[in-house]
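The sequence lines fix the lettering, A, B, ..., with proteins before strands; numbering per chain opens at 1.
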2 protein chains.
Amino acid sequence: MPRAGLDPAAVTAAAAGLADEIGLANVTMGLVAERLGVRTPSLYKHVASQADLNRRIAALALVEVGDALRDALQGKSGRDALAAAAHTLRTYVVQHPGRYSATLPLNPQGPDDPIAIGGARVLDSLAAVLAGYDIDKADTVHAMRLLRSLFHGFATIEAAGGFEMDTDVDKSFEWLIDFVDRGLKTEA
Amino acid sequence: MPRAGLDPAAVTAAAAGLADEIGLANVTMGLVAERLGVRTPSLYKHVASQADLNRRIAALALVEVGDALRDALQGKSGRDALAAAAHTLRTYVVQHPGRYSATLPLNPQGPDDPIAIGGARVLDSLAAVLAGYDIDKADTVHAMRLLRSLFHGFATIEAAGGFEMDTDVDKSFEWLIDFVDRGLKTEA
DNA sequence: ATCGTTGGCTAACGCCATTAGCTTTCAGCT
DNA sequence: AGCTGAAAGCTAATGGCGTTAGCCAACGAT
């Protein structure tokens, strides 16, 4: 019996892929093992539990989103940066709904938790977007929360199929970006 | 052995209460039964499955949110209506996080599904809020999606404990309402 | 070549959702 | 009041899933 050569990252990647395909809630240890050509208990040599695995998926998603944002925001500012961040986030959630949904119960266990680090990097990117607007220092936190809530909410509802189809969702998204852009510009 | 006098509504109410206390994901048929002073299999005389129970919880939550919104919006318009709706939604989610999270995988099974009906009533209330602003007819759908995404996202993140504590979340919420109000007013 | 570590396996436990089938209660009818 | 049939509760059993224990083979370092 040859070895499969697994490690935590491989298990996490397999589970993340599965989550995108069938939904995070339907990801079972047995299915992950099957995808890796391994028996279920073998997974426990690499991850501590299913909860641990979910947290690793969340950390992976946050890193990927953070990277994507960093790339997309290169050399952009103002409305361009806002639009780039918005599209990047939406695209990621649409393409990786399972991974992304793992990030919802955000409970970093400490400052060195990968989830906390990844989350902070995403927030840094949002802060970079806001830097392109003249926003009062005291209001930046509020504006950050605005962006987070709006993008997260939109993406979540869209991924859940919550928008009726008769009106174009893409158009709404553009309208929404414009709404925020204008609002942030007139923010003292 | 006397009868417990259960019905679908009682089972749903018990499960909803439990969900608010321990989180929807931790609600098990056994715990619901225990709370009702009944053995687990007895629940199946009133609900078809755990999935069915979750859908009933979602429908309950939507009805409750719809009622609360309707009450809160009585005789209000413009900024007052917007603020009332926002606070009502936020308060509900904070007080009933378990119930509310049951509404996330919105998949109404047909036009007569209680989930569809409840959801439509909530959307009607949001439409009523927008009626207080002069918004171009073609843009109302976009504005509806803005409100949904923003409120849903904010409430979800807050319920998950996603906002750091050093800056007041209440203040952010007020700032956010103001941001939307000003934006909607300058919307042609 | 060997040795300790590591990664895989089988077997087993316990919890949970769900079903089958029995018994008892109770509302409505006579 | 007595009867009767449907509905509500129960016990027992099944199958799936997460997880642990303990065994054995593979492999890198000496």
- Message: With hydrogens left out and only the distance checked, is there a donor-acceptor pair under 3.5 Å joining A:Arg3's side chain and the base of C:dT6?
- Response: yes
- Item | Nearest-neighbour nucleotide for the A:Val38 side chain, D:dT20, C:dG8, C:dT18 considered | C:dG8
- Task: Side chain of A:Thr28 only, please: which of D:dG9, D:dC17, C:dG8 is the nearest?
- Result: D:dC17
- Query: Any chance CD of A:Glu21 has more than 12 other-residue heavy atoms, nucleotides or ligands included, within less than 6.0 Å?
  - Reply: yes
- Query: Any side-chain donor-acceptor pair under 3.5 Å between A:Asp181 and A:Tyr133?
  - Reply: yes
- Of A:Leu62, A:Thr12, A:Thr103, the residue whose pairing with A:Ile57 passes side-chain contact (heavy atoms from CB on, under 4.5 Å): A:Thr12
- Can you tell me if B:Ser149 uses its side chain to pair, donor with acceptor, with the backbone of B:Leu146 under 3.5 Å? no
- Query: Can you check whether A:Ala84's main-chain N or O pairs, donor with acceptor, with A:Thr88's side chain at less than 3.5 Å?
  - Reply: yes
- Note on the structure: B:Lys45 has its side chain closest, among D:dT19, C:dA17, D:dC10, to D:dC10
- Query: For B:Asp7 and C:dC26, what is the distance between atoms CG and P respectively, to the nearest whole Å?
  - Reply: 15 Å
- Item | Interface residues of residues 46-58 of chain B with DNA chain D (non-hydrogen, below 4.0 angstrom) | B:His46
- Query: B:His96 and B:Tyr100: aromatic ring centres closer than 6.0 Å?
  - Reply: no
